[in-house]
Number of protein chains: 2
Amino acid sequence: MDAKCPHNSEVNCGDCRMNALCLPLALQAKEVERLDEIVQRGRPLQRDNHIYRAGEEFRSVYAVRSGSIKSYTVSNDGVEQVTGFHLPGEIFGMDGIGQNRYTNSATAMETSSVCEIPFNRLQELSIAIPTLQRHFFQLMSMEITNDQHLITLLSKNSAEERVATLLISISNRNLRRKLSPTRFRLPMSRADIGNYLGLTVETVSRVFGRFQKQDMLLVDKKEIEVLDLEKLRQLAN
Amino acid sequence: MDAKCPHNSEVNCGDCRMNALCLPLALQAKEVERLDEIVQRGRPLQRDNHIYRAGEEFRSVYAVRSGSIKSYTVSNDGVEQVTGFHLPGEIFGMDGIGQNRYTNSATAMETSSVCEIPFNRLQELSIAIPTLQRHFFQLMSMEITNDQHLITLLSKNSAEERVATLLISISNRNLRRKLSPTRFRLPMSRADIGNYLGLTVETVSRVFGRFQKQDMLLVDKKEIEVLDLEKLRQLAN
DNA sequence: CGTCAGTTTGAGCGAGCTCAACGTGAGTGG
DNA sequence: CCACTCACGTTGAGCTCGCTCAAACTGACG
């Protein structure tokens, strides 16, 4: 496999391009090596492949190496709720720690690859490397504040504000990965966007339409070009 | 101060009535003693007193000993969002870990008392007592899944379902504390309920009205009697 | 070239919002 | 002890944003 292939599984944490965003973030070279020893790099996943399903025994948390992953729950009455979109460098699966079972299911939204981090090993390592313990507490806390942002969004904001907020979030996360904040491809369908934001597909489609008419966006299927980032930011607040 | 006073600050973790629900949950007697050494028991708080405010430096997480606490965020445009209600035995303040600043503010909804747990000390202790580390990871994870339940509720459920879900949640948490699951006093105002559930005060009031007309509840101001727990459960799903 | 999933567009409807009025009870001062 | 206030809660009437249902469009893939 080509070293430049984004789904390459031959790299280790020290060489991984997501290095500066991912779990190694706060660690020293020597510590990264120890982390690297417990990380299992998986084969590439095809679209709609599951990484885990709700109810399965929790063993590991995961980091996105390439592609994009969505998390979702299914309630008693069978209604799905998308709870998160995960981009390269981001960690997911922490919902499983509490009950020792995943409460979410996770699937690839496109061809993707993930790193598996066995949680027992991570806990042991966190005792040996307090920085790692702290860092992981921080990651979980940020997941909490993220979820609370979404709660506020769903509780208080209009359809346009919700869509704008998602676009700004993706734009910001792209910036962090040194990608263009104004030109990107949405990895998820309109249905996923609507589900995540508590809107119907039709409403999402209409909002995109309005944003285009106001010369704020250029939308071509999943390709997005943000023409007026400032106006979009204001809407997202 | 009377040993039976619920706001008594003279007890230690080993003797505290919340013992079986709170942080000590998974610990052995000897370990509880060590936890006890770092816990600071505060003076009783009056209604509307703040424990901390959003933006303040994060130092500690807190446990409710008596009374009830609400967490809320304020967005850029000044809109408040209630993010949680905390009852005795529950931990709050974990949102501050990620950025080393609280993202929520926390106030007492009635006369209350809380235990302050300095986070640096808790981290150190977590290294010495792996069970504690695990337990705290679990607590944070359960905060995540709680928030995700709320996300689903806001995204997919009607006003009646939302109110029913809140009532069932409080009922269940009362049961855990060996209190009646069918007769209790809501510590929060209608405005807080509405804010938390993404509804207006008027809608909350009307839903309570409808529930009463259907002989599901008996509502007298903040006093609630659940007459048909099963029907309420079904609505809450 | 037909099929099928995903998306867009249109028309009408309804749950919950807004605005406004009124009720209730705890606290305060005469 | 009553009159007044003020926060909180209830009730009513009308409106609106986003939903529902239905139809048409697009492009990828056989």
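Just so we're on the same page: letters track the sequence lines, and every chain starts at 1.
Taking CG of B/Asn104 as the start and OG1 of A/Thr145 as the end, the distance is 9.0 Å to the nearest 0.5 Å. Interatomic distance, B/Ser105 OG to B/Glu56 CD, rounded to the nearest 0.5 Å: 7.5 Å.
Scanning residues 204-212 of chain A for heavy-atom distances under 4.0 Å to DNA chain C yields A/Ser205, A/Arg206.
Closest approach to the A/Val201 side chain among C/dT8, D/dT20, C/dC17 is made by C/dT8 (side chain taken as heavy atoms from C-beta onward). Considering only side-chain atoms of A/Leu199, the nucleotide from C/dC17, D/dG9, D/dG18 that sits closest is D/dG18.
Atom CD in B/Glu161 sits about 14 Å away from atom C1' in C/dG16, given to the nearest Å. The distance between atom CG of B/Leu154 and atom C1' of C/dG16, rounded to the nearest whole Å, is 14 Å.
Here A/Arg210 pairs with A/Glu160 under the salt bridge (charged side-chain N to carboxylate O under 4.0 Å, His left out) rule; sequence neighbours left out. Residues satisfying the ring-ring contact (aromatic ring centres under 6.0 Å, His included) criterion with A/Phe92, sequence neighbours excluded, are A/Tyr62, A/His86. Every residue was checked against the ring-ring contact (aromatic ring centres under 6.0 Å, His included) condition with B/Phe211, not counting sequence neighbours, and none meets it.
Salt-bridge check for A/Glu161 with A/Lys156: failed, with every basic side-chain N at 4.0 Å or more from each acidic carboxylate O. Classification of A/Glu110 and A/Arg47 as a salt-bridged pair fails, no side-chain N sitting under 4.0 Å from a carboxylate O. Salt bridge absent: B/Arg183 and B/Glu223 never bring a charged side-chain N and a carboxylate O closer than 4.0 Å. Ion pairing of B/Glu57 with B/Arg59 is present here, as a side-chain N (NZ or NE/NH1/NH2) and a carboxylate O approach within less than 4.0 Å.
For the OP1/OP2 pair of D/dC19 and a distance below 4.0 Å, the side-chain nitrogens and oxygens of A/Thr200 include at least one atom meeting the criterion. Phosphate contact (OP1/OP2 of C/dC17, side-chain N/O of B/Thr203, threshold under 4.0 Å): present.
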Can you name the atoms? Protein N/O to nucleotides 22-30 of chain D N/O, anything below 3.5 Å, with the distance.
none

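If you check every strand for non-hydrogen atoms under 4.0 Å, B/Gly194 touches nothing.
The terminal axes of the helix from C/dC1-D/dG30 to C/dG30-D/dC1, fitted over 5 pairs per end, subtend an angle of 30° to the nearest 10°.
Classified by interplanar angle (parallel below 30°, tilted 30° to 60°, perpendicular above 60°), the ring pair A/Tyr52/A/Tyr102 is parallel.
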